[in-house]
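In this text, all values refer to a predicted model and were calculated from it rather than measured experimentally. All heavy atoms count here, side chains included; hydrogens, waters and symmetry mates do not. Residue numbering restarts at 1 for every chain, and letters A, B, ... go by the order of the sequence lines.
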2 protein chains.
Amino acid sequence: MLSANPLLTQFQKTRSLSQAETAALSKVPLRRVALRPEEPMVRAGDHTTSCILVLDGMLATSKVDGAGRRQITAIHIAGDFPDLMSLHLDLADSDIRAVAKAEVASINHDHLRRLALDHPNLAAKLWRTVLVDAAISREWVLNLGQRESMTRMAHVLCEILLRMQVAGLANGNTCRMPLTQVNLSEVTGMSLVHVNRVLQQLRRKDLITLAKGQLDVLNWAGLVKVGDFSAEYLHIVKH
Amino acid sequence: MLSANPLLTQFQKTRSLSQAETAALSKVPLRRVALRPEEPMVRAGDHTTSCILVLDGMLATSKVDGAGRRQITAIHIAGDFPDLMSLHLDLADSDIRAVAKAEVASINHDHLRRLALDHPNLAAKLWRTVLVDAAISREWVLNLGQRESMTRMAHVLCEILLRMQVAGLANGNTCRMPLTQVNLSEVTGMSLVHVNRVLQQLRRKDLITLAKGQLDVLNWAGLVKVGDFSAEYLHIVKH
DNA sequence: CTGCCGCCATATCATATGTTAGGCGACGAA
DNA sequence: TTCGTCGCCTAACATATGATATGGCGGCAG
């Protein structure tokens, strides 16, 4: 159907909906927002009254330490809700910014709350996405705390490709990857120079190509092995 | 009141409850479980049908990488709900274990769901704790990714003391701290030897004493400065 | 066209942190 | 008691990773 409500589209991806649910979702007003590269959508300290649904492109949640060093704590692709926490927490504790050009839908808190109260199954789905994000965050803690640089980087690339595939945004083992090497250094907690070193190693092992904003995993099994990757933490549901 | 339901007690801490809420909370059956040091309560891969409320002692959520290295991704003190995620995620992705001797209450999923459906305000409170845990996890990603060892350790100690104080479990700037140096190495992603080095430095700066399972922060302002600590991410509400 | 800037790449050198090894006191089990 | 284990501490050495510097290339603004 033409120009369907993207919120409705997103919910339909995981489960079939009742008529009442479909109707309710269709009625939720969305405000579309186009973001330029680096443009912030939320800043730490903000009090927001609406949530975000990513429609296109990639956003990143990040925090900055006292020395000004930035850490990306989560990446968000089309279909993700990067700040559902704002529904229940007063102040944002992180920035949320576009990585490259992106488009998002802004959804009023009140409308989402109404939706959740009237339709427990839709509320449960929102719960679930929050909990999966938290699970990813825990895996990132493991990744940053215990894995050395090459494993760490490979793990990040595995996660990105797999999530893109699940979202239907990959073409085989190839997908858009707008994160620059500086961005990857903010994801992995490594210096820019070391990011470059590690990527060269992954290339020399014929595991990946990465250029021009495009990631191509040449040897998925190999990358999974190097990256100590196993997908359970993403809690992907087959359907 | 004697032997009150600890679930009720916990909810009363943050807000005054309606009579109906109080009654509903009192009726929820709890199963008390005593845990010995290191005893696991949940294992990655488990399918659980109940949630945990920590009554006494300290638990830790942890994950193990392919090389067998363990990373603690969260610590839990009395009043925390370490695995509310099990309400909506099928399989646990982490282990949850007692750090030292501990006591928990096990609460059946069905009862919690009933409670949440019937009492949206109680559901909101549960939401909130999940979201605060996620916020802490993001801060840990920042801590592990960007801060160097002494700052990282100081930050962890600040968080522990402050959370203990908020939970009413501290005595001034002193609190129980059952994490061993090995445990701290699993929290900070540092080697055991380096944990020891860094603790010595913090002691030499007269910022802390830490011995016999007891943490004493001698200079809170100093530790906060060294640890690049600011408490916003804990989303503490005054009342 | 031209100059500037972002992104990527590489080399060299510096250092924070890991690794291995050893020792000491406290405590619980036999 | 004695023994084994655990938690803590320290030293010497190894290395993964950071810091600094420099250059190339391509795109974009003027």
Side-chain angles (χ1 to χ4, degrees), chain A residues 36-39 58 65 67-71 97-101 143-154 156-157 176-204 208-216 226 228, chain B residues 36-39 58 60 65 67-71 98-101 143-154 156-157 176-204 208-216 226 228:
Chain A
R36 332 193 62 181
E38 296 291 304
E39 187 175 347
M58 184 181 277
D65 75 4
R69 296 172 42 118
R70 167 176 288 118
Q71 173 72 38
R97 302 181 307 153
V99 170
K101 204 161 58 137
N143 206 29
L144 287 164
Q146 301 297 338
R147 296 202 257 251
E148 51 190 37
S149 57
M150 197 163 78
T151 303
R152 189 144 90 233
M153 177 64 73
V156 166
L157 296 178
R176 297 239 62 233
M177 226 297 280
L179 294 170
T180 65
Q181 293 188 0
V182 169
N183 290 328
L184 284 172
S185 81
E186 294 166 340
V187 168
T188 58
M190 303 166 12
S191 69
L192 168 60
V193 172
H194 203 54
V195 165
N196 190 289
R197 274 198 278 254
V198 167
L199 288 177
Q200 298 302 342
Q201 294 178 63
L202 292 175
R203 285 192 259 250
R204 260 184 254 116
I208 63 164
T209 64
L210 177 57
K212 295 259 165 203
Q214 176 129 333
L215 168 67
D216 194 348
V226 168
D228 185 26
Chain B
R36 330 193 61 183
E38 294 293 306
E39 186 175 348
M58 183 181 278
D65 75 3
R69 297 173 41 120
R70 165 175 290 117
Q71 173 72 38
V99 169
K101 206 161 56 135
N143 206 30
L144 287 164
Q146 301 297 338
R147 297 202 256 250
E148 53 188 37
S149 57
M150 197 164 77
T151 303
R152 190 144 90 232
M153 177 65 72
V156 167
L157 297 178
R176 298 239 62 232
M177 225 299 278
L179 295 170
T180 66
Q181 292 188 1
V182 169
N183 290 327
L184 285 171
S185 81
E186 293 166 343
V187 168
T188 58
M190 306 168 8
S191 70
L192 169 59
V193 172
H194 203 55
V195 165
N196 191 289
R197 272 197 280 253
V198 167
L199 288 177
Q200 298 302 341
Q201 294 177 62
L202 292 175
R203 285 192 259 250
R204 258 183 256 116
I208 64 165
T209 65
L210 176 57
K212 295 261 164 199
Q214 176 128 333
L215 168 67
D216 194 348
V226 168
D228 186 27

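- Nucleotide C:dA9 holds its P atom 8 Å from the CG atom of A:Leu210, rounded to whole Å.
- Between the P atom of D:dG26 and the NZ atom of A:Lys212 lies a distance of 8 Å, rounded to the nearest Å.
- With contacts defined as side-chain heavy-atom distances shorter than 4.5 Å, the pair A:Asp228/A:Asn143 does not qualify.
- The nearest whole Å value for the distance from the NE2 atom in A:His194 to the P atom in C:dA11 is 15 Å.
- Contact annotation for B:Arg203: backbone-only contact, meaning every heavy-atom pair under 4.0 Å involves sugar-phosphate atoms and none involves a base.
- Listed candidates were C:dT10, C:dG18, D:dG27. Nearest to the side chain of A:Val193 is C:dT10.
- Where A:Met150 and B:Leu192 each meet DNA chain D at their nearest nucleotide, the meeting point lying more 5' is that of B:Leu192.
- The interatomic distance linking B:Arg204 (CZ) with D:dC9 (C1') rounds to 11 Å, in whole Å.
- Put simply, the side chain of B:Leu157 reaches to within 4.5 Å of the side chain of B:Leu202, judged on heavy atoms.
- Checked against C:dG18, C:dC8, D:dG18, the side chain of B:Ser191 finds its nearest nucleotide in C:dG18.
- The CG atom of A:Leu202 sits 16 Å away from the C1' atom of C:dA9 (whole-angstrom rounding).
- For B:Thr180, the listed nucleotide lying nearest its side chain is D:dG7; candidates were C:dA9, D:dG7, D:dC9.
- Taking every side-chain heavy atom of B:Asn196 into account, D:dT10 is the closest of D:dG27, D:dT10, C:dC8.
- To the nearest 0.5 Å, atom CD of residue B:Glu38 and atom CG of residue B:Asn183 are 6.5 Å apart.
- Minimum heavy-atom separation, A:Ala98 to A:Arg36: CB-O, 3.6 Å.
- A:Leu179 has its side chain out of reach of A:Val156: every pair of non-hydrogen atoms, C-beta onward, lies at least 4.5 Å apart.
- To the nearest angstrom, C1' of D:dA16 lies 12 Å from CZ of B:Arg69.
- The distance from atom CG of B:Asn183 to atom P of D:dG7 is 8 Å, rounded to the nearest whole Å.
- The side chain of A:Arg197 approaches D:dA19 more closely than any other nucleotide in the set D:dA19, D:dT10, C:dT17.
- Atom CD of B:Gln146 and atom P of D:dT17 are 15 Å apart (whole Å).
- Among the atoms of the strands shown, only primed sugar atoms or phosphate atoms (P, OP1, OP2) are found under 4.0 Å from some heavy atom of A:Gly189.
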